[in-house]
Amino acid sequence: MLSVALLSPPYVTLHYAAPSWLPVFAWQPGMRVAVPLGKAGGLRVGVVLDADAPAAPEGVEVKEALWPLERMPLLTPDYLEMVRQLAVRHLASPGDVLGSLLPAGLRTSRVRLRLFGEGKPRTLQLKDVGRMGEAERRVLGEAWTGGQLEMLDAAFDADASEVCVVTKDPPWPVRPSAKRQIELLEYLWEKGAVPRSVVTGAFGASCAAVLGTLAERGLVAVGPPQAVCACAPEDDDAGAGGESGPACVAELADGNGHGGGYVLTPAQRGAADEFAAALDAPHPETRLLYGITGSGKTAVYLELAAHTLRQGRSVMLLAPEVALACKLHRAARTVCGGQDIFLFHGYQSPGERERTFRAIAARTEPCLVVGTRSALFLPVPALGTIVLDEEHDASFKQDEGMVYQAKEVAHFRMQQVRGLLVLGSATPDVKTFHAARSGHIPVARLSDRVGGGTLPDVELVDIKGLSTAESLLAPQSLQALREVVERGEQAVILLNRRGYAPLMYCLDCGAVARCPQCEIGLTYHKGRERLVCHYCGHSVPYPAPCEACRGLHFLPMGEGTEKLEESLAHLLPPGSRVLRLDRDSTRRPGRMEAILDSFARGEAQVLVGTQMLSKGHHFPEVTLAIVADGDLGLNLPDYRAAERTFQLLVQASGRAGRGEKPGRVFIQTRDPAHYCWQFVRAADYEGFFDEEIRRRERRRYPPFVKLALVRASFPADWDKGMAYVEQLTALARERGRAHGVMVLGHTPSPLALLRGRKRFQWALKGPEWPGIRAVFHEMRAAAPRGGQLRLGLDIDPVNML
Ligand SMILES: [Zn+2]
Ligand SMILES: [Zn+2]
């Protein structure tokens, strides 16, 4: 009896009989199979969890499985065990978990079979096989056994399909009356590269003509998916093929532009040797690589990767963001040839990801995988080492779909295979460092910048009394900025707020333009000529009359990156250029790399950007970093607000003074007395840690307790919703007492209305996870059926909104 986890709704695990027309060995755990479901016998794809499951309970009708979708299992027993563990942890089914881990092409039943016999090969759809009689199926079964039948990958179809992508930044030269064109452009701008079929699904078949017009005018490209990745092309890279050109050396050193090749400093060598010894140990190990910004952590990772491969084991190097993963990938090509290195991240096309997944599943030799968090779920053979670079970064937690923390999954995988997990950071997660201090994770330190560069001077600029009408930058910040530009050096300005103005205030009636779905203020995007909700993407054209009074006079309040970029043009010496790096300026494929390259080549003197620019980039000519609004993250309703702010600001400060010239950092704040600043100024991570850990212990926050959020939402116009939330609160409190879990709430979520749904949350604190899970389980069981009320558990939330 086969036990099969379905990869699409209802995601349950069902029993199927192995049919007689295929040999027993055709069905193995870890294989994908097509199975019929329901009375109509529609086909689903599932994964065999067990090929020798006990018989189904009495009275349950068991159907026959239809067809195996591969000859060798796609997933190993270890992999299936990881899936089972994730399912337990998230109170989900294995099918739920697999459904979110496997690339789309591996979940579709639109698989074709090609039959080689006499004459021309014949192609069959799986559903044709479903309609066949017993005798015909036997013929197919014999062809399968004789090797005359092959399964065609869905990746072929994915590649054949076209995608649509906007090719010009807004504003677009389209008449306001051309509503369909504008709608389509806005849609594609928000979504990025979208398969043509999805666009047709959203806009109807008649959109073909509009797409045609836009393509003719050069505003939209329609064609086969190119690599949407921001990576430089394979062939123009100095680091390819093991040659280390100057650019490559700088990257390896993670901070110095000189030096004679890939030679480790004594500190780097010490760390690499220590890690190599840990890998060779007979039990699983975890290490923290704690090195200041610019201290050359990448070179240590690469040395470890090379060592792991020499031991015949695979390596994963994971970065929090695509741009950093691509950079790591280029550097990694110095240690590993083209056959054995894979890049995997969420911006690649589904077909590309599917091919990588299959290629890795089919391997027996070790390989090197570089990617973002989703790469963690590749079925890599003989895994030996996982490195999480910038381990403190919140992007390692997936918040949507299946919620998981990459660090925990990585830890589990390394426990399974007795491998080595390396966490690297200049500003480790407070929880990680607490584990290190408590002796659970040995630490390797890199305390100096490679090439002798020094950490920059950090100055606080009090902007309490500053009128923001003129400029967001205080006079002394502006003065320093002008001097840097006049000296021919470069500066970066961090402002973690994109768009032109975060608030639009009606001068006629005093109303603020708000999103009808979320009640959040709309942000004015000048170039796009729209007001946009940053939480749900809803947007309206601007200028347009006030919703409340039809007045036409708005005052943009506050300043986003777009406005800062604009205002700098008047404030800097003539001829200076300013570039902007944020989600809006990098929506088009390849733009991020283009902006970073242009800045690195010195084509602009100032780079304005959101937190994107704080991460890992290396600009030797930058001697000044200005943080325009240092307080922005400090007041968020999140127990980690200070930790986040500290990490962001130390990382941003780390962009200055990485070359030969020393750097300065200006942090503008309205709250200069906050305890965080003294540690930011000294780049004193350990001082910050000591203070922060004392506060957490006093207030009972992680790592001293386990913390989870239960989130509830229901449609704003559903009148029963509130009563259910109150019932759940009473139940949670009562069950919490029984399980030793403290239940706080319900409280409205900080985003109390999102996409037309009211949102509430409970915080659950307890000594261990099982009690917290048990309380949630009982809340879920008591919630009304019918789907109006959605209830979710976020274990160890990184985003409290
Ligand atoms: Zn008004
Ligand atoms: Zn909204």
Side-chain angles (χ1 to χ4, degrees), residues 166 170 176 179 182-192 194 202-203 394 399-401 469 496-563 582-584 587 610-611 632-633 635-638 709 711-718 721-722 747-761 787-790 792 794 797-801:
V166 177
K179 287 224 165 61
I182 294 173
E183 269 174 41
L184 206 59
L185 282 166
E186 286 292 337
Y187 171 85
L188 293 175
W189 186 248
E190 275 294 328
K191 305 247 162 169
V194 185
F203 285 84
D399 271 338
E400 292 186 355
N496 221 352
R497 195 162 52 202
R498 63 194 176 88
Y500 191 82
L503 223 52
M504 291 299 269
Y505 178 82
C506 172
L507 287 172
D508 296 328
C509 76
V512 166
R514 291 184 188 280
C515 172
Q517 302 286 308
C518 314
E519 284 178 358
I520 301 284
L522 295 173
T523 299
Y524 175 35
H525 286 248
K526 191 176 183 183
R528 210 167 143 187
E529 297 173 333
R530 286 185 98 81
L531 306 181
V532 181
C533 172
H534 281 182
Y535 291 93
C536 74
H538 171 83
S539 71
V540 293
Y542 182 86
C546 168
E547 290 280 327
C549 73
R550 315 305 294 165
L552 289 165
H553 306 96
F554 278 96
L555 178 68
M557 309 248 289
E559 194 158 325
T561 45
E562 198 183 355
K563 185 164 176 204
D582 59 21
R583 227 169 83 199
D584 301 305
R587 274 183 207 265
T610 55
Q611 58 176 350
L632 209 54
N635 301 315
L636 289 176
D638 188 328
L709 278 188
R711 295 179 216 267
S713 74
F714 54 84
D717 57 4
W718 191 48
M722 212 45 236
T747 50
S749 305
L751 289 172
L753 184 72
L754 188 63
R755 298 186 179 95
R757 298 178 69 87
K758 286 196 177 153
R759 303 168 82 233
F760 290 88
Q761 62 192 31
Q788 301 271 58
L789 184 77
R790 284 185 210 148
D794 187 350
V798 300
N799 173 3
M800 307 280 281
L801 297 179

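Counting from 1, the numbers follow the sequence of the chain as shown. Order of listing sets the numbers, starting from 1, for every ligand and every atom in it.
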Student: Just to be sure I understand the site: which N, O or S atoms from the protein are less than 2.8 Å away from the Zn ion (ligand 2)?
Tutor: Cys515 SG, Cys518 SG, Cys533 SG, Cys536 SG
Student: Is there a donor-acceptor pair closer than 3.5 Å between any side-chain N or O of Gln517 and the backbone N or O of Cys536?
Tutor: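 Between the backbone of Cys536 and the side chain of Gln517 there is no qualifying donor-acceptor contact (under 3.5 Å).
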Student: Identify which one of Pro748, Pro750, Ser713, Cys518 satisfies the side chain to side chain contact (heavy atoms under 4.5 Å, CB included) criterion when paired with Arg759.
Tutor: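 That would be Ser713; it is the only one of Pro748, Pro750, Ser713, Cys518 passing the side chain to side chain contact (heavy atoms under 4.5 Å, CB included) with Arg759.
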Student: Using atom types as modelled and distance alone, determine if a side-chain donor or acceptor of Arg528 lies under 3.5 Å from a backbone N or O of Gly499.
Tutor: no
Student: To the nearest 10 degrees, how large is the angle at the Zn ion (ligand 1) between Cys549 SG and Cys506 SG?
Tutor: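 The two atoms form an angle at the metal of about 110°.
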Student: Without swapping roles, check the side chain of Asp794 against the backbone of Leu709 for a donor-acceptor pair under 3.5 Å.
Tutor: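 Answer holds: no.
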Student: Parallel, tilted or perpendicular, judged at 30° and 60°: which one describes the rings of Phe554 and Tyr542?
Tutor: perpendicular
Student: Short question: side chain of Arg497, backbone of Glu559 - any donor-acceptor pair under 3.5 Å?
Tutor: yes
